[in-house]
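Working notes for the structure below.
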Amino acid sequence: MTYLEAVQLVKDIESKYDVMSIRYRNVSVWPYLRLYLFDGISDKTEIKPSVPVVKIVLKSLFAYNPFKVFKHHDVWLFTGCERRKRIGDKMIHRISGGISTNVDSCLMIEKPHLLLGHYKKKEIEEKDIVSESWLLALFHLIERLSSITRPRIENEDVIKRILAENNISFDYRRYVKKLDAKRKSLRCLLRIAPKPRLVLMECPYDSMGYIWACRQKGIRFLELQHGVAGKSHNAYNARFYEPLMQPDGICVFGSEEYRYFTEEEPQYTPNVYMTGLYMLEKADEFFVNDVFGKDRERYSKVIVASGQNGYERQLSEFIDKVAGQHGDYLFVYIPRMADADLNFSASNVRIERNVNIYEYLKWADIHITISSTTCLEAQYFCTPTIFFDYDRRASTYYGQLLKEENGAVYIEDEKEFDKALEVIQGGDFQYKEVFVHNHVDRIVKVIQG
């Protein structure tokens, strides 16, 4: 099933069935289940880590001093190691890097990278940091123990009818157990560690159990926007939400998301703050030299392609085709995960792994992606974007926001690439102000409020 077909099917289900009556421990679990149901019915390729998750978790337990969690911190900040980018000799968190270094009494709880675990202490700026591996190990233990029991789901017949009448195979009980295991693991930690006043998290819809636990403990919870956030994203376009698993507020990049969450989707959260993006302000400071200086002696243009999980094959095949037809252009392909299996027959395609894509976006002549949020950062750097509109993902996500006048061209296949080049080469674009400025001052003010 295509992405758009899956979107429509979920919408139809929410309008036809009493989905919010599906409850566990007096909480509606539909807003959580719908995310994984969507992933199961859409044709997105599943990304499996090359190293067993358990091995990474165990390896990461003592990457940082775990006893720091027993020191009182006013703020807990959940983030993931994979979101770090290199700036100078440090690996900086692109979204939350300004928080832990500018907010007193803040503990960073970092999820390990699926390949390397965590970076060494000398490579990062944070001092008060622990690995989330301890919580993840507890989560997996609780989940394993729950496998011998059957969760008591209220109105379970509703979800059964949804699956049967729509011919869907989905192990909803497994996901309910995962949700509860996340809740229980954080509650266990909160029993033995000093309770924070505030919890911040990137991508919390993957960890609704943590939100639920914070709600039960009376802890304020704020979401940090990490990517697409709007009506085209399945986590932000639900017909219904469960208040006990929604954030108290969300910090967004700029005015577009602010308008969406205050006007179109105000039920998502009661508080919306515009705080910008930390990495872009760091990029302005550090990336002052053209990273493609030598390449320009050989190639007339440099095109940077941003890969993304689940769609590396589709994008890489597209790039290989257009690169073969444009030998005077250098195509630099940056996969989302460094271990992505990529092969190109065109000699003018270069794969760059473990680089800071923001530096490459700043100096690229053109940017290509399927639907990565790097298209938003490209606007900041005044770099035009050609969208390979696979499965209409890009036009669905960004069609109303980024138009041709903003240096955004949507094409369906490699046959349309030359026309897209003509548009870009002859264009005088008005790039969008997607991100507000003064990120650190804004986010500190929100946290202190």
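Note: hydrogens, waters and symmetry copies are ignored here, and every other heavy atom, side chains too, is used.
- A donor-acceptor pair under 3.5 Å is formed between the side chain of Thr2 and the backbone N or O of Glu5.
- Of the charged side-chain nitrogens involved, none lies within less than 4.0 Å of a carboxylate oxygen, so that Arg393 and Asp389 do not count as a salt-bridged pair.
- For His233 and Tyr260, the ring centers are positioned 6.0 Å apart or more.
- Ring to ring, Tyr398 and Tyr410 are not that close: their centroids are 6.0 angstrom or more apart.
- Panel note: side chain Glu281, backbone His439; a donor-acceptor pair is recorded below 3.5 Å.
- Counting heavy atoms of neighbouring residues, nucleotides and ligands inside a 6.0 Å radius, atom NZ of Lys415 does not exceed 12 of them.
- If you look at Tyr64 and His118, their ring centroids are closer than 6.0 Å.
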His72 and Ser105: CA distance, side-chain angles, deciding distance, side chain to side chain donor-acceptor pair (under 3.5 Å) verdict: CA-CA 8 Å; His72 179 267; Ser105 190; 4.5 Å; no

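- Ion pairing between Lys68 and Asp128 holds under the 4.0 Å rule for side-chain N and carboxylate O.
- Here the side chain of Ser185 pairs no donor or acceptor atom with the backbone of Phe139 at under 3.5 angstrom.
- Side-chain contact between Leu37 and Trp30 is present, with heavy atoms from C-beta onward closer than 4.5 Å.
- A 6.0 Å sphere centred on CZ of Arg392 holds no more than 12 heavy atoms belonging to other residues, nucleotides or ligands.
- Lys321 and Glu317 are not joined by a salt bridge, as no carboxylate oxygen comes within less than 4.0 angstrom of a charged side-chain nitrogen.
- Residues Leu163 and Asn166 are not in side-chain contact: their nearest non-hydrogen atoms beyond the backbone lie 4.5 Å or more apart.
- With salt bridges taken as basic N to acidic carboxylate O contacts below 4.0 Å, one links Asp157 and Arg161.
- His226 and Tyr205 have tilted rings, their planes meeting at an angle from 30° to 60° on a 0 to 90° scale.
- For Arg191, the CZ atom sits in a packed shell: over 12 heavy atoms of surrounding residues, nucleotides or ligands are nearer than 6.0 Å.
- With a 4.5 Å cut-off on side-chain heavy atoms, Met20 and Pro31 count as touching.
- Looking at Leu186 and Phe78, their side chains come closer than 4.5 Å, going by heavy atoms from C-beta outward.
- Lys403 contributes a side-chain N or O that, together with a main-chain N or O of Gly399, makes up a donor-acceptor pair within less than 3.5 Å.
- In summary, Lys178 and Glu143 engage in a salt bridge, as defined by a charged side-chain N under 4.0 Å from a carboxylate O.
- The shortest side-chain heavy-atom distance between Tyr273 and Ile250 does not fall under the 4.5 Å cut-off.
- Of the possible donor and acceptor atoms, one in the side chain of Gln379 sits under 3.5 Å from a partner among the backbone N and O of Lys432.
- More than 12 heavy atoms of other residues, nucleotides or ligands lie within 6.0 Å of CD in Gln267, so this atom counts as buried by the packing criterion.
- Between Phe318 and Tyr390, the distance separating the two ring centers is not shorter than 6.0 angstrom.
- Between the side chain of Arg183 and the backbone N or O of Trp212, no donor-acceptor pair lies under 3.5 Å.
- The salt bridge (Lys or Arg N to Asp or Glu O under 4.0 Å) test with Glu202 singles out one residue from Arg84, Arg83, Arg94, and that residue is Arg83.
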Audit row: Tyr175, Phe170, ring-ring contact (aromatic ring centres under 6.0 Å, His included) steps and yes/no: CA-CA 9 Å; Tyr175 285 99; Phe170 177 59; 5.3 Å; yes

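- Around CZ of Arg144, the count of heavy atoms belonging to other residues, nucleotides or ligands within 6.0 Å does not exceed 12.
- Counted within 6.0 Å of CD on Gln430, heavy atoms from surrounding residues, nucleotides or ligands total 12 or fewer; the atom is thus considered open.
- For the pair Arg215/Met245, no side-chain contact is recorded, criterion being any heavy-atom separation below 4.5 Å from C-beta on.
- Checking side-chain atoms of Asp206 against main-chain N and O of Cys203 turns up no donor-acceptor pair under 3.5 Å.
- At most 12 heavy atoms of other shown residues, nucleotides or ligands fall within 6.0 angstrom of atom NZ in Lys111.
- Without hydrogens or angle criteria, Ser28 side chain to Glu242 main chain gives no donor-acceptor distance under 3.5 Å.
- Residue Glu264 qualifies as enclosed at atom CD: its count of foreign heavy atoms under 6.0 Å is above 12.
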Working for side chain to side chain donor-acceptor pair (under 3.5 Å), residues His93 and Glu126: CA-CA 10 Å; His93 271 289; Glu126 293 80 14; 5.1 Å; no

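- Looking only at distances, no side-chain donor or acceptor of Thr385 sits under 3.5 Å from a matching main-chain atom of Phe387.
- Inter-residue side-chain proximity for Glu165 and Tyr17 is flagged as met; some heavy-atom pair is nearer than 4.5 Å.
- Residues Ser60 and Ile56 meet the side-chain proximity criterion, which asks for heavy atoms closer than 4.5 Å.
- Between Glu82 and Arg336 a salt bridge is recorded (basic side-chain N to carboxylate O distance below 4.0 Å).
- Ile95 pairs in a side-chain contact (heavy atoms from CB on, under 4.5 Å) with only one of the listed residues (Thr275, Leu277, Leu200), which is Leu277.
- A donor-acceptor contact shorter than 3.5 Å is absent between the side chain of Ser207 and the backbone of Gly209.
- Ring pair Tyr36/Tyr32 is tilted by interplanar angle, where 30° to 60° counts as tilted.
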